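Each remark here refers to the structure printed beneath this line.
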Amino acid sequence: MHDIRALRADPAAFDAALARRGLPQVASELLDLDLARRNAISAVEAARAAKKQKGREIAAAKAAGQHEKAEFLIAAVDAQERVGVEELNAVEEALQKRLATLPNILDGDVPDGADEQANVVQHVHGMPRDFAFAPRQHFEIGEALGLMDFAGAAKLAGARFTILRGALARLERALGQWMLTLHTEDHGYTEQTVPYLVNDATMYGTGQLPKFGEDLFRTTDGRWLIPTAEVPLTNSVAREILDEKALPIRLAALTPCFRSEAGSAGRDTRGMLRQHQFMKVELVSVTTPADSAAEHERMTRCAERVLTELGLAWRRVLLSAGDTGFGATKTYDLEVWLPGQQAWREISSCSNCGAFQARRMDARFRPAGAKGTEFVHTLNGSGVAVGRALIAVLETFQAADGSVEIPPILRPWMGGLARIAPPA
RNA sequence: GGAGAGGUGGCGGAGUGGUCGAUCGCGUCGGUCUCGAAAACCGAAGUAGGUGCAAGCCUACCGUGGGUUCGAAUCCCACCCUCUCCGCCA
């Protein structure tokens with residue numbers, strides 16, 4: 001959501017900012033709506049003030065026992081307020097609808113470009129391993145181990161689901177537990193368990209609605225399955241006014257994520273790279289505007305540490321204008337090297353949303369020593385996607401014999417297991 | 001699922017048709033007093049929107065949305081949420 005006053009102050013800058021995302025100019029249209037809205041407000045408020053005054057006179061007349069005068073005054077009341085309210089509601093709704101579908105203004109650091117081609121690789125950590133054999137993809141490894149079952153999942157639920165068994169199921173659990181513990185014990189995040197089903201207002205707050213409902217699963221009673229824990233974590237401050245000294249708020253959760261993948265038919269159909277359901281550790285920060293840029297760097301480093309400690313090869317990518325998501329001012333993707341696929345694949349995405357979500361949620365704070373309130377800044381990042389981390393571990397630490405070495409950091413979480421061996 | 005009670009400012013809690021943005025208490029902030037503190041006393045203080053150079057003025061907000069009325073925190077309807085009891089259940 002945008003600040004209409006900022007747009008009013010500099011409409012050309014607003015249009016220029018949207019142009020970076022390849023969107024047409026809208027400022028003059030919005031300003032027309034805004035003017036109509038403000039005129040309607042003035043008219044309605046004037047009518048209300050007149051009505052209130054008349055009400056006071058009627059009350060005074062009745063109190064004085066002047067019933068005839070009161071009747072006379074009642075007869076003279078007109079209904080112009082009602083007409084004005086209808087006009088106001090119409091124009092207000094039109095403006096809100098228009099504003100709600102416009103993406104966030106990009107940070108100045110974000111490189112121009114229409115798509116991922118223009119993304120900028122900022123940092124590479126670790127070398128893609130050399131293999132003395134042709135590394136296999138994760139689903140080949142998992143199926144050969146007899147611990148990853150796509151046909152079985154399809155029987156239960158259809159495409160884009162996976163059953164993990166035995167050591168692989170344990171590995172998924174170990175990854176999630178270890179990551180969450182790392183962020184809570186070492187990085188200052190507070191663990192949360194949150195609803196996986198949320199209402200319309202919550203989805204609107206973080207920007208999934210009204211525009212991206214088709215990416216979500218809807219329940220029969222009108223709720224939505226969360227596509228990421230960003231949604232419930234971030235909305236925990238909705239409609240709150242926080243003390244500045246309560247900031248930053250750092251929250252973490254390990255949850256399943258549900259995505260309809262409506263637009264990705266035919267993409268990544270093999271394996272568990274793109275599923276309707278996957279586990280993810282999510283990090284969310286709520287900060288002052290002054291602190292959000294530094295918090296974004298910090299959060300990204302927290303996610304990077306996960307990959308480093310697992311011994312994976314990864315790189316940090318600054319997304320270009322065209323690739324940056326709807327609610328973000330700036331996004332870093334972390335990509336991990338998948339030897340089986342011979343490709344870098346996204347495993348984390350860390351975004352600073354500025355005040356965009358805060359305005360939608362009405363999440364504010366009281367600046368210390370100052371009058372009034374300000375919108376907070378919100379950030380979210382995966383720390384990291386558990387399913388994809390599992391894939392990366394399998395492909396990176398596979399051996400020629402089909403076994404997979406467990407990264408040392410995970411072994412305590414695996415009951416000491418050092419290697420997952422294929423069936424004899 | 002059934003029956004009942006209730007949702008008012010940071011908290012507690014009045015207020016059942018008229019000048020109520022709302023009595024009062026607690027808490028908070030400022031001051032007086034004090035060597036300092038406590039107590040006591042005095043005072044201040046919601047959020048958002050519109051308008052104005054400004055001082056200010058105006059409007060809205062008593063769970064949410066409708067309705068009745070000249071006028072709604074108060075009456076009516078729907079919904080949401082909380083609590084109690086019963087039933088069911090992990």
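No experiment lies behind these values; they were computed from the predicted model shown. Quick note on labels: first sequence line is chain A, next is B, and so on, each numbered from 1.
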[N] to [M] separation - [atom1] atoms, rounded to the nearest Å:
N      : M      : atom1 : answer
B/rA40 : B/rC33 : C1'   : 9 Å
B/rA48 : B/rG43 : P     : 28 Å
B/rG63 : B/rC81 : C1'   : 7 Å
B/rG52 : B/rA38 : P     : 47 Å
B/rG27 : B/rG67 : P     : 43 Å
B/rG36 : B/rU32 : C1'   : 15 Å
B/rU74 : B/rG66 : P     : 14 Å
B/rU8  : B/rA73 : P     : 16 Å

Measure [atom1]/[X] against [atom2]/[N] and give the value in whole Å, please.
X      : N      : atom1 : atom2 : value
A/K51  : B/rU19 : NZ    : P     : 14 Å
A/K69  : B/rG71 : NZ    : P     : 19 Å
A/N89  : B/rG65 : CG    : C1'   : 12 Å
A/K245 : B/rU28 : NZ    : P     : 12 Å
A/L88  : B/rC58 : CG    : P     : 20 Å
A/R239 : B/rC81 : CZ    : P     : 13 Å
A/E92  : B/rA48 : CD    : P     : 16 Å
A/R8   : B/rG49 : CZ    : C1'   : 10 Å

Paired with [N] by Watson-Crick or G-U wobble geometry, both distances under 3.5 Å: which nucleotide is it?
N      : answer
B/rA72 : none
B/rC83 : B/rG4
B/rU47 : B/rA60
B/rC88 : none
B/rC41 : B/rG31

- Message: Before you tell me yes or no, could you show the steps for A/E191 and A/T184 under side chain to side chain donor-acceptor pair (under 3.5 Å), namely the whole-Å CA-CA distance, both residues' side-chain angles and the distance that decides it to 0.1 Å?
- Response: CA-CA 6 Å; A/E191 179 173 355; A/T184 55; 4.8 Å; no
For [X], which contact category applies under a 4.0 Å heavy-atom criterion: base, sugar-phosphate, or nothing?
X      : value
A/R37  : sugar-phosphate
A/L73  : nothing
A/R359 : nothing
A/A70  : nothing

- Ring centers of A/F258, A/H276 separated by less than 6.0 Å: no
If you compare every side-chain N and O of [X] against the phosphate oxygens of [N] (OP1, OP2), does one of them come in below 4.0 Å?
X      : N      : result
A/T373 : B/rA48 : yes
A/R48  : B/rG49 : no
A/R366 : B/rU47 : yes
A/K52  : B/rA60 : yes
A/R38  : B/rU51 : yes

Between [options], spot the one nearest the side chain of [X], thanks.
X      : options                : result
A/R364 : B/rG71, B/rG49, B/rU47 : B/rU47
A/E45  : B/rC70, B/rG49, B/rU19 : B/rG49
A/R5   : B/rG49, B/rG71, B/rU51 : B/rG49

- Classify the ring geometry between A/H187 and A/H183 as parallel (under 30°), tilted (30 to 60°) or perpendicular (over 60°). tilted
- Task: Would you check, one step at a time, whether the test salt bridge (charged side-chain N to carboxylate O under 4.0 Å, His left out) holds for A/E261 with A/R160?
- Result: CA-CA 9 Å; A/E261 296 296 343; A/R160 294 203 190 280; 5.6 Å; no
- Message: Go through it in stages, so that I can follow the logic: the residues are A/T162 and A/Q275, the test is side chain to side chain donor-acceptor pair (under 3.5 Å), and I'd like the CA-CA distance, side-chain angles, deciding distance and then a yes or no.
- Response: CA-CA 8 Å; A/T162 310; A/Q275 303 272 280; 2.5 Å; yes
- Query: Are A/R360 and A/Y204 in a cation-pi setup, meaning NZ or CZ lies under 6.0 angstrom from the ring centre and within 45 degrees of the ring axis?
  - Reply: yes
- Query: Can you find an N or O donor on one side and an acceptor on the other, under 3.5 Å apart, linking the side chain of A/K62 with the base of B/rG18?
  - Reply: yes
- RNA chain B nearest-nucleotide lookup for A/G55 and A/N39: closer to the 5′ end is A/G55
- Does A/V44 or A/I74 map to a spot on RNA chain B nearer the 5' end, using the closest nucleotide for each? A/V44
- ring-ring contact (aromatic ring centres under 6.0 Å, His included) between A/F356 and A/F326, intermediate numbers included: CA-CA 10 Å; A/F356 186 82; A/F326 180 76; 5.5 Å; yes
- Just by modelled atom types, is the A/L319 backbone N or O under 3.5 Å from a matching donor or acceptor in the A/D323 side chain? no
